[in-house]
Amino acid sequence: FKLVESGGGLVQPGGSLRLSCVPSGFSLEYYAIGWFRQAEGKEREGVSGISSYGDTITYADPVKGRFTLSRDNAKNTVYLNMDSLTEEDTGVYYCGAVVLGPNGGSRAPPLDMPEAYDYWGQGTQVFVSS
């Protein structure tokens, strides 16, 4: 099982991108999803997370007010809308899936513990430059 990210690319500062995260071989229905990014020479950092129910969403401070995370369980897809992009948003973006237990449907996944996730994708490159 794995995840597949898409939607990355080159965009000018102030621009927007929409990333998608789709599972391969399983349903996202019972998984909380987290988005992480890794800039060259830096550690992977959590960006945003959404509960399996979709009712709890968290954002890292650097992206609050600019990024919007959502999920469509019917389409088995999670979307990360990124607006007002800056050069600091450049990096490889990864989505991860984690099951948070039988009562974890409304819990957002941890953004500070990438090791907690069960499945990852290969990442999609986002490059913000003028």
Side-chain angles (χ1 to χ4, degrees):
F1 294 161
K2 64 178 182 179
L3 299 167
V4 179
E5 303 94 339
S6 63
L10 172 63
V11 63
Q12 292 186 341
S16 299
L17 284 174
R18 187 192 202 193
L19 305 184
S20 297
C21 174
V22 177
S24 176
F26 67 103
S27 170
L28 286 179
E29 181 179 3
Y30 301 108
Y31 289 84
I33 304 298
W35 278 94
F36 290 73
R37 66 187 181 187
Q38 188 165 17
E40 188 173 352
K42 296 185 177 181
E43 293 187 354
R44 189 172 297 193
E45 64 171 349
V47 173
S48 183
I50 188 168
S51 62
S52 63
Y53 290 170
D55 56 350
T56 304
I57 304 172
T58 58
Y59 299 95
D61 286 344
V63 307
K64 282 181 179 177
R66 300 188 298 120
F67 289 14
T68 304
L69 185 59
S70 63
R71 67 189 297 156
D72 186 338
N73 284 349
K75 294 183 178 180
N76 214 20
T77 305
V78 173
Y79 304 99
L80 181 65
N81 286 284
M82 307 187 297
D83 297 318
S84 302
L85 287 163
T86 72
E87 293 182 350
E88 287 67 38
D89 295 315
T90 293
V92 179
Y93 283 68
Y94 302 88
C95 63
V98 58
V99 173
L100 296 177
N103 299 313
S106 291
R107 289 174 52 197
L111 297 183
D112 58 353
M113 294 178 57
E115 64 273 17
Y117 288 70
D118 301 307
Y119 304 113
W120 287 97
Q122 293 296 312
T124 184
Q125 175 73 53
V126 171
F127 191 62
V128 184
S129 176
S130 55

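Quick caveat, the model's predicted, so the values are computed rather than measured.
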| message | Please give me the minimum heavy-atom distance between L100 and P110, naming the atom from each residue. | response | CD2-CD, 4.4 Å
| said: Apply side chain to side chain contact (heavy atoms under 4.5 Å, CB included) to residues R71 and L28 and explain how you reach the verdict. | reply: CA-CA 9 Å; R71 67 189 297 156; L28 286 179; 3.8 Å; yes
| Any link between F67 and Y94 through a network of hydrophobic side chains (Ile, Leu, Val, Met, Phe, Trp, Tyr) touching at under 4.5 Å? | no
| field | Check: N103 main-chain N/O paired with R107 side-chain donor or acceptor under 3.5 Å | value | no
| field | Verify same cluster id: L19, I50 (apolar side-chain graph, 4.5 Å) | value | yes
| remark: CD of E5 to SG of C95, rounded to nearest 0.5 Å, is 4.0 Å
| Under a single-linkage definition using a 4.5 Å side-chain heavy-atom cutoff for Ile, Leu, Val, Met, Phe, Trp and Tyr, are V47 and Y117 assigned to the same hydrophobic cluster? | no
| Measuring from T90:OG1 to E40:CD, what's the distance to the nearest 0.5 Å? | 10.5 Å
| query | Which atoms form the tightest heavy-atom contact between L17 and V11, and what is the distance? | reply | CD1-CG1, 4.0 Å
| query | Under 3.5 Å, side chain of Y59 to main-chain N/O of L69, donor-acceptor pair present? | reply | yes
| message | Name the residue from V126, V128, D89 that meets the side chain to side chain contact (heavy atoms under 4.5 Å, CB included) definition with M82. | response | V126
| Is there a donor-acceptor pair closer than 3.5 Å between any side-chain N or O of T56 and the backbone N or O of S106? | yes
| field | Under 3.5 Å: donor-acceptor pair, side chain of R44, backbone of P114 | value | no
| Nearest heavy-atom pair of L3 and Y119: which atoms, and what distance? | CD1-O, 3.6 Å
| message | Assigning hydrophobic clusters by single linkage (Ile, Leu, Val, Met, Phe, Trp, Tyr; side-chain heavy-atom cutoff under 4.5 Å), is W35 placed with I57? | response | yes
| field | Nearest atoms (heavy-atom pairs only) where T124 meets G8 | value | OG1-N, 3.1 Å
| query | W120 and F36: aromatic ring centres closer than 6.0 Å? | reply | yes
| Closest contact, heavy atoms only, G104 versus S52 | O-OG, 4.3 Å
| field | N/O donor-acceptor pair under 3.5 Å between Q12 side chain and S130 backbone | value | no
| query | Can you hop from V99 to F1 via hydrophobic side chains spaced under 4.5 Å? | reply | yes
| query | Where is the tightest heavy-atom contact between T58 and S48, given as atom of each residue plus distance? | reply | O-OG, 2.8 Å
